[in-house]
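Right, one structure below, let's go through it.
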Amino acid sequence: MLYDQIVLRYGDLTVKGRNRNRFEKRMLEQVKQALSPYTGITYMKSFGRLYVRLNGLPYEPIADRLKDLFGIVSLSPVVSTESDLEQIRAAALAVMRSLPEEPKTFKVSAKRAWKKFPHNSQEMNHLVGGHVLRAMPSLKVNVNKPDVELRVDIQEETTYVFCEVIQAAGGFPYASNGKAMLLLSGGIDSPVAGWMALRKGLELEAVHFHSYPFTSDKAKEKVIELAKRLSYFSGEPIKLHLVPFTEIQTTLMQANSDNLIITLMRRAMLRITEQLAELNGANGIVTGESLGQVASQTLPSMNVIGRATELPLLKPLIMMDKHEIIRVAERIGTFETSILPYEDCCTLFLPKSPSTNPNLRIVEKVEALLPNLEALISAAVEGTEQMLLSHGSQTSAQTAGEDSWF
Ligand code: ATP
Ligand code: MG
């Protein structure tokens with residue numbers, strides 16, 4: 001096994017001071033948790049990086065898992081050697097020879113973090129590059145656009161040699177920025193919103209409203225599948241709240257305000273979620289809304305709906321186009337599940353012309369005329385079932401490659 005470690009580079013250097021320590025501690029916990037199926041791995045922190053020592057395990061599946069964790073910007077499988085010229089040269093040659101296809105051009109980029117090392121970075125580029133060229137005579141140096149950039153990172157104890165930099169998901173480690181409730185439907189958008197919230201370091205609990213028997217077990221299975229997928233990215237089990245919504249919906253239908261029905265349902269959803277948030281120590285609500293997508297997602301609609309709760313509403317997709325959302329859904333592996341046919345509790349009761357510009361006072365009046373709305377909301381909270389879901393063994397996300405996620 002050539003590579004003996006994987007180095008993880010963290011995100012934002014703007015995260016400083018005590019936050020940085022908390023972030024690094026959380027990062028290590030998260031990595032350990034995600035790699036718990038692999039025995040024998042050890043860890044080392046150094047200069048704001050985390051080194052995962054493989055102790056004989058192949059790096060590929062481990063790198064694949066790590067690239068989907070949040071808080072890691074990039075990672076590289078590395079060969080570690082003593083900080084000694086001949087050993088560094090030997091490692092460099094081994095890395096070049098291990099490439100699946102022999103490159104035409106390369107360059108060495110040495111970095112001397114340990115200033116007492118006898119050769120500076122420039123000298124090392126030549127000393128290592130010359131050694132590789134002598135052993136692989138068909139190779140040429142190209143400093144501007146090499147096929148392979150061979151990096152040599154010289155530290156006091158150890159020198160790391162590598163040529164691959166794998167882009168990872170970025171963001172903050174899971175649960176390093178507070179907790180929110182995610183409104184998870186079976187559609188395309190809300191799992192993507194969940195992934196984006198997780199990426200920002202939010203701990204999530206998912207909330208799904210079902211209208212059994214109008215919505216089927218299939219619809220529920222689908223949401224369970226999506227929640228499990230999200231738990232793959234957080235690396236921790238995710239709690240799913242299944243809220244019985246049938247009675248509230250049938251009651252709202254009786255208000256005879258057909259075009260306001262979606263507005264009323266959404267407000268009821270937010271009220272219930274607010275109570276669940278309170279019970280579970282969450283401070284915000286994440287939804288998959290995107291401006292203009294449907295009648296309930298115009299700005300006037302969102303204004304009236306949002307007034308039903310005092311919690312911050314986090315809408316990661318608000319300014320994204322559908323094709324961008326779909327692209328992320330495909331990459332994170334939720335798209336295929338999301339497009340399975342299902343009935344959502346809201347689409348079942350969809351009126352012919354839902355209001356795009358509801359009037360808050362009228363909406364409040366309609367709600368006040370429903371005698372038992374508060375009691376129904378409390379009953380729905382009480383009747384909510386909880387499930388704790390984990391991902392089992394799931395495949396990694398599609399590699400983002402050089403371009404950004406969107
Ligand atoms: P999605 O693709 O996520 O279903 P959508 O574009 O179909 O979104 P709507 O159906 O209007 O949009 O829903 C807007 C948001 O409301 C969803 O993204 C989701 O956060 C929330 N939501 C809708 N239906 C449910 C449900 N049955 N349970 C929980 N949340 C829901
Ligand atoms: Mg939907």
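One-based numbering, in listed order, for ligands and for the atoms of each. Just so we're clear, the structure is a prediction, and the values are computed from it rather than from any experiment. If you read the sequence from its start, that first residue is 1, and numbering goes on from there.
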- Step by step, would you call H210 with K220 a side-chain contact (heavy atoms from CB on, under 4.5 Å)? CA-CA 8 Å; H210 66 84; K220 181 168 140 187; 5.7 Å; no
- H210 heavy atom under 4.0 Å from ligand 1: no
Show me, pair by pair, the donor-acceptor contacts under 3.5 angstrom made by side chains of residues 168-179, not counting sequence neighbours?
{"residue": "Y174", "atom": "OH", "partner": "L204", "partner atom": "N", "Å": "3.4"}
{"residue": "S176", "atom": "OG", "partner": "P173", "partner atom": "O", "Å": "2.7"}
{"residue": "N177", "atom": "ND2", "partner": "K200", "partner atom": "O", "Å": "2.8"}
{"residue": "K179", "atom": "NZ", "partner": "E205", "partner atom": "OE2", "Å": "2.8"}
{"residue": "K179", "atom": "NZ", "partner": "N280", "partner atom": "O", "Å": "2.8"}

- Query: Applying a 4.0 Å heavy-atom criterion (strictly less than), which segment of L182 is in contact with ligand 1: side chain, backbone, both, or neither?
  - Reply: neither
- For ligand 1, does S296 get within less than 4.0 Å through its side chain, its backbone, both, or neither, judged by non-hydrogen atoms? side chain
- Of the choices L270, L317, D189, V286, which has the non-hydrogen atom that lies closest to atom 5 (P) of ligand 1? D189
- Task: Give the single entry among R266, M265, M269 that approaches atom 23 (C) of ligand 1 most closely by any heavy atom.
- Result: R266
Consider every N or O of [X] and every N or O of ligand 1, then say whether any pair is closer than 3.5 Å.
{"X": "I188", "result": "yes"}
{"X": "Q297", "result": "yes"}
{"X": "L183", "result": "yes"}
{"X": "G288", "result": "yes"}
{"X": "K322", "result": "no"}

- Check whether any side-chain N or O of T384 sits under 3.5 Å from a backbone N or O of V243 as a donor-acceptor pair, and report yes or no. no
I need the atoms of ligand 1 closer than 4.0 Å to a non-hydrogen atom of [X], numbered in the order shown.
{"X": "T287", "value": "20 (O)"}
{"X": "V294", "value": "11 (O)"}
{"X": "V207", "value": "29 (C)"}

- Query: Hey, would you say the Y232 and W195 ring centroids sit under 6.0 Å apart?
  - Reply: no
- Task: State, to 0.1 Å, how close S83 and Q155 come at their nearest heavy-atom pair, and which atoms those are.
- Result: OG-O, 2.6 Å
- Hey, what's the ring geometry for W114 with F117, parallel, tilted or perpendicular (30° and 60° as the breaks)? tilted
- Message: Classify the ring geometry of F23 against Y10: parallel below 30°, tilted from 30° to 60°, perpendicular beyond 60°.
- Response: perpendicular
- Ion pair check, E149 and R151, cut-off under 4.0 Å: yes
